[in-house]
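From a predicted model like this one, the values you see are computed outputs, not experimental measurements.
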Amino acid sequence: AMAVPGLEEGTVSVHLFKDNKQHLIKAHESALSALAINLTATRVASASTQGTLIRVFDAKNGQQLHELRRGMDPADICSISFSSSTAWLSAASDKGTIHVFSLGAEEAVGEGDAAENPKSNFSFLSSMLPKYFDSEWSFAQFQLEPGMRHCAFGTEDPASPVVTLYAIGMDGMFYKGEFDKREGGQSVLRVKEPLFGT
């Protein structure tokens, strides 16, 4: 499968080569800024130029599965990445913070309940309030200085209590962080070094 920006602003064109099918997802009102597909080609994630929301869709039928909130202020989302198991999704913007969202896969946390993204305290009133109050917020955050970065997840170990996240910046720096897969919150910065030495 392949996902590419559609001809109409804010749409994603999904090509399912195995099924010889193609369909269009109306993902956002404004133009796309970032797009990702998972390793098994079952999920598509997108962000618009507004940069406040990331939406995750079923690649086969275009159904929206998650609406994930990066923040309230506009930002340039330059990177979206699925983990290899599709348990996690990261989004990096020019604001510096890399947000990590749980996609609810049970295998992400091992035995017990899957990690859940927080919601607004007013989400129970979502039918009466703006959609802002019904979005899922990030489960973990990797706080770096402002700047454009690309991010990716490390190899997933179901037995490990942590998830590893890597980032490479336009400033030539390499970062490695870890977050607790049950607790979330702020990632611990393990490595910050120049990509090509000093």
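For the pair Val12/Leu35, a side-chain contact is recorded, criterion being any heavy-atom separation below 4.5 Å from C-beta on. Annotation: side chain of Leu165 is in contact with side chain of Ile98 (closest heavy-atom distance under 4.5 Å). Looking at heavy atoms from C-beta onward, Val100 lies out of side-chain contact with Ser138 at the 4.5 angstrom threshold. Taking 4.5 Å as the limit, some side-chain heavy atom of Leu16 sits within range of a side-chain heavy atom of His23. Taking 4.5 Å as the limit, every side-chain heavy atom of Val44 sits out of range of all side-chain heavy atoms of Val56. Under the 4.5 Å side-chain criterion, counting only non-hydrogen atoms from C-beta, Asp19 is in contact with Lys60. When side chains are defined from C-beta on, Ser13 counts as touching Gln22, because their heavy atoms get closer than 4.5 Å.
For the ring-ring contact (aromatic ring centres under 6.0 Å, His included) test, no residue two or more places apart in sequence or in another chain qualifies with Tyr175.
A donor-acceptor contact shorter than 3.5 Å links the side chain of Arg70 to the backbone of Gly51. In this structure a side-chain-to-backbone donor-acceptor pair under 3.5 Å is missing from Thr11 to Lys26. Under the 3.5 Å distance criterion, the side-chain polar atoms of Glu156 are matched with a main-chain donor or acceptor of Ser84. Checking side-chain atoms of Asn38 against main-chain N and O of Thr42 turns up a donor-acceptor pair under 3.5 Å.
In the hydrophobic clustering of ILVMFWY residues, with side-chain heavy atoms under 4.5 Å counting as a link, Ile54 and Phe57 come out apart. Cluster annotation: Phe17 is connected to Val4 through the hydrophobic network of ILVMFWY side chains, with a link wherever side-chain heavy atoms come within less than 4.5 Å. A single hydrophobic cluster is seen to contain both Phe196 and Val191, as judged by linkage of ILVMFWY side chains at heavy-atom distances under 4.5 Å, directly or through other members. Linking Ile, Leu, Val, Met, Phe, Trp and Tyr residues whenever their side-chain heavy atoms come within less than 4.5 Å places Ile37 and Ile25 in a single cluster.
A donor atom on one side chain and an acceptor atom on the other are found under 3.5 Å apart for His28 and Arg55. Ser90 and His99 share no side-chain donor-acceptor pair at under 3.5 Å. There is no side-chain donor-acceptor pair under 3.5 Å between Ser187 and Gln143. In this model, no donor atom of one side chain and acceptor atom of the other lie less than 3.5 Å apart for Ser93 and Asp76. Side-chain N/O atoms of Thr97 and Gln141 include no donor and acceptor closer than 3.5 Å.
Between the CD1 atom in Ile80 and the OG atom in Ser46 there is a gap of 6.5 Å [rounded to 0.5 Å]. Annotation: the span from Leu53 atom CG to His66 atom NE2 amounts to 14.0 Å, rounded to 0.5 Å. With values rounded to the nearest 0.5 angstrom, Leu32 atom CG is found 8.5 Å from Thr49 atom OG1. Interatomic distance, Thr86 OG1 to Arg43 CZ, rounded to the nearest 0.5 Å: 7.5 Å. Here the CD atom belonging to Gln50 is positioned 5.5 Å from the OG atom belonging to Ser30, to the nearest 0.5 angstrom. Note that NZ of Lys176 and CG of Leu189 are 10.5 Å apart. Values are rounded to the nearest 0.5 Å.
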Task: Working for side-chain contact (heavy atoms from CB on, under 4.5 Å), residues Cys151 and Tyr166 - done: CA-CA 5 Å; Cys151 50; Tyr166 300 101; over 6 Å; no
Task: Audit row: Phe179, Thr164, side-chain contact (heavy atoms from CB on, under 4.5 Å) steps and yes/no - done: CA-CA 7 Å; Phe179 65 91; Thr164 303; over 6 Å; no
Open item on the list: Go through it in stages, so that I can follow the logic: the residues are Phe139 and Trp88, the test is ring-ring contact (aromatic ring centres under 6.0 Å, His included), and I'd like the CA-CA distance, side-chain angles, deciding distance and then a yes or no.
Closed with: CA-CA 9 Å; Phe139 178 77; Trp88 308 99; 5.4 Å; yes
TODO: Under the side-chain contact (heavy atoms from CB on, under 4.5 Å) rule, what do Val163 and Phe153 come out as? Steps first, then yes or no, please.
DONE: CA-CA 8 Å; Val163 176; Phe153 290 93; 3.8 Å; yes
TODO: Decide yes or no on side-chain contact (heavy atoms from CB on, under 4.5 Å) for Leu103 and Phe82, but give the supporting numbers first.
DONE: CA-CA 9 Å; Leu103 298 184; Phe82 286 97; 3.6 Å; yes
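Residues Cys78 and Met148 share a closest heavy-atom pair of CB-CE, 3.6 Å. When all heavy atoms of Ile77 and Ala47 are compared, the closest pair comes out as CD1-CB, 3.7 Å. Nearest heavy atom pair, residue Glu136 against residue Phe101, reads O-CE2, 4.0 Å.
More than 12 heavy atoms of other residues, nucleotides or ligands shown are found within 6.0 angstrom of CG on Asn61.
Note on Asp171 versus Arg149: salt bridge recorded, some NZ/NE/NH1/NH2 to OD/OE distance being below 4.0 Å. By the 4.0 Å N-to-carboxylate-O rule, Glu145 lies close enough to Lys192 to be salt-bridged with it.
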